[in-house]
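Have a look at the structure below, then the notes.
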Amino acid sequence: MTSPSVKPDLGLYQTKYLLRRLLRRMPGLQNLSPNALSVLAFGPGLGAAYCLWQGWWMGALLCILGRMVINTLDGLVAEEFGKTSKLGAYLNRLPGEFTDLLIILALWPHGDPTWMLALLLLTSWVQMFGLLGLVAGGSVQSVGPCGQTDRLAWIGLGCLLAQFGLAVWHGGIPFLVAGCGLTLVLRIGRSIRELRALDRDRDRAAAISETI
């Protein structure tokens, strides 16, 4: 759980709750397997990477939207119908962690190699430092502006603009690099503040127990 001293996440990740309200109206949700949905997300993730590499912008956009819907749906089914599990928590992240770098790599034919290398490196760090707080007892950091959901949304917007013939990637890729750099700084800072707050709470509880 995030410490009360840490502000709520900033980024599109929180919009999943709006999407959940829409998906909740789907019939037969209780019959779905959240783990199967998680694994199913490999399909649109790999499809998005292939379409991006080929420059099939609308195909990439549809695959990105499909992956975002499936990624939201698996968590919804798991939590709403008591189907959460440790394996499910792992599978929930597996397709995203695996295909996100492939999606970024698929932009290679459309951008400058130097910017692309920077984007690949920063994307990896954003993902890793978003989870690193767990090692010390903290929480996952999903703050943007270039977290997993945010990146997909930005790339989807780029695909839409490219479909209309606009040369978006030579400016869009440096924009993603800057966004990932800012996201990395925010995530490290939030984890440090959260862990400091947890240490203070622990020390305060220890001091109170000694006085009893």
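Hydrogens, waters and symmetry mates are skipped; everything else that's a heavy atom, side chains included, is used.
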Audit row: D100, R67, side-chain contact (heavy atoms from CB on, under 4.5 Å) steps and yes/no: CA-CA 11 Å; D100 262 23; R67 209 199 91 177; 2.7 Å; yes

Pair L29-L73, side-chain contact (heavy atoms from CB on, under 4.5 Å): steps then yes or no: CA-CA 9 Å; L29 285 180; L73 194 58; 3.6 Å; yes

side-chain contact (heavy atoms from CB on, under 4.5 Å) between I188 and I192, worked out: CA-CA 6 Å; I188 292 174; I192 290 174; 3.8 Å; yes

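For the residue pair A48 and I64, the shortest heavy atom distance occurs at CB-CG1, 3.9 Å. Here the closest non-hydrogen pair linking P109 and A106 is CD-O, 3.3 Å. Taking each heavy atom of A162 and V168 in turn, the nearest pair found is CB-CG2, 4.1 Å. Of all heavy-atom pairs spanning P34 and A78, the tightest one is CB-CB, 3.8 Å. Across all their heavy atoms, G138 and L198 have their closest contact at CA-CD1, 4.2 Å. For the residue pair G156 and L61, the shortest heavy atom distance occurs at O-CD1, 3.5 Å.
Put simply, the side chain of M26 does not reach to within 4.5 Å of the side chain of L76, judged on heavy atoms. T149 is not listed as a side-chain neighbour of L152, based on a closest heavy-atom distance of 4.5 Å or more. In this structure, the side chains of D112 and I173 stay at 4.5 Å or more apart for every pair of heavy atoms. Side-chain contact between P95 and V39: absent, with no pair of heavy atoms (C-beta onward) separated by less than 4.5 Å. Within the 4.5 Å cutoff, the side chain of C146 has heavy atoms near those of the W154 side chain. Inter-residue side-chain proximity for L107 and I155 is flagged as met; some heavy-atom pair is nearer than 4.5 Å. Looking only at side-chain heavy atoms (C-beta outward), L91 and S85 stay at 4.5 Å or farther from each other. Side-chain atoms of F42 and L94, non-hydrogen and from C-beta on, do get closer than 4.5 Å to each other.
Residues W53 and I103 are members of one and the same hydrophobic cluster, defined by side-chain heavy-atom contacts under 4.5 angstrom among Ile, Leu, Val, Met, Phe, Trp and Tyr. In the hydrophobic clustering of ILVMFWY residues, with side-chain heavy atoms under 4.5 Å counting as a link, L23 and L37 come out together. W56 and L46 sit in two unconnected hydrophobic clusters of ILVMFWY residues. Membership requires side-chain heavy atoms under 4.5 Å apart, directly or through other members. Cluster membership for L157 and I104, using ILVMFWY side-chain heavy atoms within less than 4.5 angstrom, is shared. Residues L161 and L176 share a single hydrophobic cluster, defined by chaining ILVMFWY side chains whose heavy atoms lie under 4.5 Å apart.
The backbone N or O of S139 sits less than 3.5 Å from a side-chain atom of E194, completing a donor-acceptor pair. Checked by atom type and distance alone, the side chain of K83 pairs as donor or acceptor with a backbone atom of L32 at under 3.5 Å. Without hydrogens or angle criteria, H110 side chain to L52 main chain gives a donor-acceptor distance under 3.5 Å.
Annotation: R196, atom CZ; neighbour count of heavy atoms from other residues, nucleotides and ligands within 6.0 Å does not exceed 12. With a 6.0 Å radius and a threshold of 12 heavy atoms from other residues, nucleotides or ligands, F98 has its CZ atom at or below the threshold.
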If you look only at distance, which donor and acceptor atoms sit under 3.5 Å apart when one is on a side chain in residues 115-128 and the other is two or more places apart or in another chain?
residue : atom : partner : partner atom : Å
T123    : OG1  : L119    : O            : 2.7
S124    : OG   : L120    : O            : 3.0
Q127    : OE1  : R151    : NH2          : 3.1
Q127    : NE2  : E97     : OE1          : 3.1
Q127    : NE2  : E97     : OE2          : 3.2

Mind listing the side-chain donor-acceptor pairs of residues 204-212 below 3.5 Å, one per line with the distance, residues two or more places apart or on another chain?
residue : atom : partner : partner atom : Å
R204    : NH1  : D201    : OD1          : 3.0
S209    : OG   : A205    : O            : 3.4
S209    : OG   : A206    : O            : 2.7
T211    : OG1  : I208    : O            : 2.6

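In this structure, the separation between OG1 on T99 and CD on Q148 is 7.5 Å, given to the nearest 0.5 Å. The line from OG of S38 to CG of N71 is 7.5 Å long, rounded to the nearest 0.5 Å.
Under a 4.0 Å N-O distance rule, the pair R200/D203 does not qualify as a salt bridge. With respect to E79 and R20, a salt bridge is recorded, a charged nitrogen being found less than 4.0 Å from a carboxylate O.
The aromatic rings of W57 and W169 are tilted relative to each other, their planes meeting at an angle between 30° and 60°.
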